[in-house]
Number of protein chains: 2
Amino acid sequence: MLSDNIAVLFPGSGMLLVKQDPGNVTFPKNNHDHGRCIAVALDKAAAVCMDRGVRLTELRRRVLEIIWQNHKPLGAYSILEQLRQDGRAAAPPTVYRALEFLLEQGLVHRIASMNAFVGCSRPGHISDGQFLICRSCGSSTELNDGKLEKVITRNSGSLGFTVEHLTIEVSGLCPHCRRARGEPAQYSNCPVSGEDSSGTEPT
Amino acid sequence: MLSDNIAVLFPGSGMLLVKQDPGNVTFPKNNHDHGRCIAVALDKAAAVCMDRGVRLTELRRRVLEIIWQNHKPLGAYSILEQLRQDGRAAAPPTVYRALEFLLEQGLVHRIASMNAFVGCSRPGHISDGQFLICRSCGSSTELNDGKLEKVITRNSGSLGFTVEHLTIEVSGLCPHCRRARGEPAQYSNCPVSGEDSSGTEPT
DNA sequence: ACCAGAAATGCTATCGGATAACATTGCGGT
DNA sequence: ACCGCAATGTTATCCGATAGCATTTCTGGT
């Protein structure tokens, strides 16, 4: 586990010490200090960009800030709308180019199942991550389970398939929404039954 | 492993014996008998629908057939175009309603990362499946790894998250395309390094 | 300080993906 | 034959994404 350092930068050194996002250690709590999430994310982003010699322009920074306004994946046109509310001239390419940059730098993730974008909780790390997305409140949590990625890569490899990119998105109910519905904690209420495992190598 | 039975139907019994899709036991070969894939898929679909008392209309059947013309996920508007080439009146809702039906019956899958649709290799089974999609040739293979689903469900559950739907899509290079590029078999050329596993319970 | 080239942004247009709302057709049961 | 409902046709509209080109802004070299 990482220690509790806040974004510390060693420019040009290729080294970067970052802090775990407090909102993502578990599922984001309704009452967490989200201002801190934003501040940390923007700090980390500045650090990563400086470290890599790329430019976190005002537009890009602002788009990142908009995405980080909460933990819910946000559509490109919602971002566009907010840019316009800033009084800025903006068209779709404005947003998509900023997003392209942020994706390249690993500062945001694209949630394919929603056509939306969410802040990366571990910028600077190269990983596609896994996402738990609540269908009720829309919040998402990023996991980075290296073991899971290895298992998939290994099973794919046994079929001769070379993995380049993983999309793993889980939709369901987060603990808060489940509790709000009076449903008890449970692991078994999943329609995805594990009835077999054909198609993959036995482990 | 299932025996090699071809689609056998017990109408109304709730039981259905189906054959493994020969094109999907491994990654689809370039020279496999795809006509058989199509015939089997359409037979299975008819069986599943009869079994469930739902109607596989001519339109729905045709859309399924179009999707099964190969193992490459197909966009809704490509389907639309082909329907029109049939001389049929068609607009987007025509396609999307047929797709909605086929998805509900588990006859096709939606590939979120491509906004496209592909035939289900195990119709009648309830599973989201996992997909290996070649970025070079576009072909996809469906896996159904119950263990993988269980691991994800369990890890999510340990965070209090109830899983309802899994999206697992892997993009990369299929064995045929990799070979065509002269790249040797390998498991390690994956940018998704397993550097850690923060965010999930240790197993 | 200036200039040239490159990077970033502005802008227009267009395409693909998806759905809402309502009209019409067709099928099954009585 | 009639009714009711499921399925399809039709129109319109919205969101997501990108191509292509013009303009501005930044950066590095002199």
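Chain letters run A, B, ... following the sequence lines, proteins first, then strands; residues in each count from 1.
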Checklist entry - Distance check: side-chain N/O of Y96(A) vs OP1/OP2 of dT18(D), anything under 4.0 Å? => result no
Next on the checklist: For dG17(C), does the base pair up with any side-chain atom of R110(B) as donor and acceptor (N or O, under 3.5 Å, distance only)?
Outcome noted: no
Checklist entry - Considering only side-chain heavy atoms of A76(B), which listed nucleotide, dT9(C), dA18(C), dT10(D), is closest? => result dA18(C)
Item to check | Rounded interatomic separation in angstrom, taking CG from D86(B) and P from dG9(D) | outcome: 12 Å
Checklist entry - For the side chain of K44(B) and the backbone of S121(B), is there at least one donor-acceptor N/O pair under 3.5 Å apart? => result yes
Next on the checklist: Tell me if a side-chain donor or acceptor on E169(A) pairs with a main-chain N or O of S113(A) at a distance below 3.5 Å.
Outcome noted: yes
Checklist outcome for this item: From CZ of R61(B) across to P of dT8(D) the rounded distance in Å is 14 Å
Next on the checklist: Can you tell me if N115(A) touches the phosphate of dA17(D), counting only side-chain N or O atoms and a distance under 4.0 Å to OP1 or OP2?
Outcome noted: yes
Checklist entry - Do any N or O atoms from the side chain of H34(B) and from the backbone of W68(B) form a donor-acceptor pair under 3.5 angstrom? => result yes
Next on the checklist: Closest-nucleotide mapping onto DNA chain C: is P92(A) or R97(A) further toward the 5' terminus? I mean the 5' end.
Outcome noted: R97(A)
Checklist entry - Quick one: R62(B) CZ to dG9(D) P, roughly how many Å, whole number? => result 14 Å
Item to check | Nearest-nucleotide comparison on DNA chain C, the residue closer to the 5′ end among A116(B) and E58(A) | outcome: E58(A)
Checklist entry - Given atom CG of L74(B) and atom C1' of dA18(C), what is their separation to the nearest angstrom? => result 16 Å
Next on the checklist: Mind checking if A91(A) touches a base, just sugar-phosphate, or nothing, with heavy atoms under 4.0 Å?
Outcome noted: base
Checklist entry - Which whole-number value in Å describes the distance from R84(B) CZ to dG9(D) P? => result 11 Å
Next on the checklist: Measure CD1/I79(A) against P/dT9(C) and give the value in whole Å, please.
Outcome noted: 14 Å
Item to check | Intermediate values then yes/no, side chain to side chain contact (heavy atoms under 4.5 Å, CB included), K72(B) and V118(B) | outcome: CA-CA 7 Å; K72(B) 306 177 185 183; V118(B) 72; over 6 Å; no
Checklist entry - Mind checking whether Y77(A) and Y96(A) have parallel, tilted or perpendicular rings, split at 30° and 60°? => result perpendicular
Next on the checklist: For a quick test of reading the model: is some side-chain N or O of R60(B) closer than 4.0 Å to OP1 or OP2 of dA7(D)?
Outcome noted: yes
Checklist entry - dG9(D) base to R88(B) side chain: any donor-acceptor pair below 3.5 Å? => result no
Checklist entry - Can you tell me if the side-chain N/O atoms of T94(B) get under 4.0 Å from OP1 or OP2 in dG9(D)? => result yes
Next on the checklist: Without decimals, in angstroms, what is the distance between L80(A) CG and dC14(D) P?
Outcome noted: 15 Å
Item to check | d(CG, L99(B); P, dG17(C)) in whole Å | outcome: 11 Å
Checklist entry - Reckon R55(B) touches a base, only the sugar-phosphate, or nothing at all at heavy-atom distances under 4.0 Å? => result sugar-phosphate
Next on the checklist: Is there, by distance only and without an angle test, a donor paired with an acceptor across the side chain of Y77(B) and the base of dA18(C) below 3.5 Å?
Outcome noted: yes
